[in-house]
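Heads up, the thing below is written out as structure tokens.
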Protein chains: 2
Amino acid sequence: MSTARRRPGRRGADAGNRGKILAAAAKRFTELGFRATTIRGVAADAGVDPALVHYFFGTKEQLFAQAMALPLDPGAVVEEMLAPGVDGVGRRLAARLLQVLDETAPANPVLALIRSATAHESAATMLREFLTAAVLNRITAALDVDRAELRAALCASQVVGLIVAREVVGLPALRTTDRAVLAGIYGDTLQRYLTEPL
Amino acid sequence: MSTARRRPGRRGADAGNRGKILAAAAKRFTELGFRATTIRGVAADAGVDPALVHYFFGTKEQLFAQAMALPLDPGAVVEEMLAPGVDGVGRRLAARLLQVLDETAPANPVLALIRSATAHESAATMLREFLTAAVLNRITAALDVDRAELRAALCASQVVGLIVAREVVGLPALRTTDRAVLAGIYGDTLQRYLTEPL
DNA sequence: AGCAGAACTCTACGGCTGCTGAAATCTTGG
DNA sequence: CCAAGATTTCAGCAGCCGTAGAGTTCTGCT
């Protein structure tokens, strides 16, 4: 039994294999990071020959860039955080982050970048640019405070730490404690990093 | 030229290859994490045949455990943090952490565990136990506060975040800002997590 | 209808990995 | 001084990996 090999050649009009590959790649990259993700594994998830992955997306690095590009679109979130004004922006950030962590666990794209940044320099760069330029610098710029870059970095360090401590290290207290309580605690920290005198 | 292969057989009485292998393994594990470290690479650093690594330490996982066990001995540090009393314990923790990060960069053992925890479950467990049981729980226990486990986890999240943001992501502001300033900011956060009402 | 090209699979190459068994060499105890 | 044991290298197995090239089948245009 078993192999049941499929014949080569073009499939039906809307095979959608390109999309399946992209989805499978995003999933595996987010859960395993760059290095531990294999083209063969992605292809297996998508029900496709590994060579097809290469045919559509080129090298593994190009696949990574394309699979990770889509899930990261923080523009709308930033607007939403800033809309109600400066007061409580830290709290809103923390609450939103915890919500997203719960909803997307364990396949959070930022977590994917963190995992990959370990062994893959370009992922570290993607993550650095995403954290600062795409999210936090926008917030600090809108708040018009001094030492904006430092404030953004402080926030990033607490955000990253929360993600890693919860999802990678798996500290139990961060999983069991009520989300609203955590949002309050971390919100105070972020608010201080953003607007209080340093 | 080159190969200049060495003949097999026992070396001089105090070849010390076992120690060389252990040191090379610790270095590579700390800089690259578990997965990206190869036995062959460790052997090359130690100037030794890869098979000798297996002869001394068994599997790669056993080598990891033995190479990482030594650098993590936080007992004395904890005593030192608590000695002057509760006031300013957060500040002392932050200052000490930043100092150690500077001195050991980029080969910090905790960073090694973080890198490895990505792809290696036992490293995640080691890190979790090290962070909570070996360090932070001792502090919270000595402070006699409520919600000790949560407080320890909060501190761990900020500590881990600082390490990752600085050493893995490489946020510039965290490298250029004066160490004392950072120690003050993070010290306040840790102090709040440890002793303030939540 | 016919043809260009897109989609798809097969096979395979070269390289790297952890790990093993055997042989070679040295040290040490008797 | 010789046997037993410790250390060290060699050679290689089996298994992954990313990637390339050639061949097969289907779609869409004319």
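Naming convention: chains lettered A, B, ... in sequence-line order (proteins, then strands); numbering from 1 in each chain. Just so you know, these numbers use all the heavy atoms, side chains as well, and skip hydrogens, waters and symmetry mates.
Map A:I39 and B:F56 each onto its nearest nucleotide of DNA chain D; the residue landing nearer the 5' end is B:F56.
Nearest to the side chain of B:V48, among C:dC19, D:dT9, C:dT9, sits D:dT9. Listed candidates were C:dT17, D:dG18, D:dT9. Nearest to the side chain of B:A51 is D:dT9.
Whole-Å rounding puts the A:F34 CZ to D:dC17 P distance at 13 Å. For A:D49 and D:dT24, the CG to P distance is 16 Å, given to the nearest whole Å. Here the C1' atom of nucleotide C:dT17 and the CG atom of B:L63 are 15 Å apart, to the nearest Å. Put simply, CD1 on B:I21 is 10 Å from C1' on D:dT7, counting in whole angstrom units. The separation between B:L52 atom CG and C:dT20 atom P is 15 Å, rounded to whole Å.
Contact annotation: A:Y55 does not reach the phosphate of C:dC8 (side-chain N/O to OP1 or OP2, under 4.0 Å). Regarding contacts with the backbone of C:dA7, every side-chain N or O of A:N17 stays at 4.0 angstrom or more from both OP1 and OP2. Close to D:dT19, at under 4.0 Å from its OP1 or OP2, lies no side-chain N or O of A:H54.
A:F29 and A:F34 have parallel rings, their planes meeting at less than 30° on a 0 to 90° scale where 60° marks the start of perpendicular.
We find that B:K20 and B:D45 are not joined by a salt bridge, their nearest charged nitrogen and carboxylate oxygen being 4.0 Å or further apart.
Using a distance-only test at 3.5 Å, with no hydrogens or angles considered, no donor-acceptor pair links the side chain of B:R28 to the main chain of B:T37.
The closest side-chain donor-acceptor pair between B:T125 and B:E129, if any, does not fall under 3.5 angstrom.
Across all strands, B:R40 comes closer than 4.0 Å to base atoms (heavy-atom distances).
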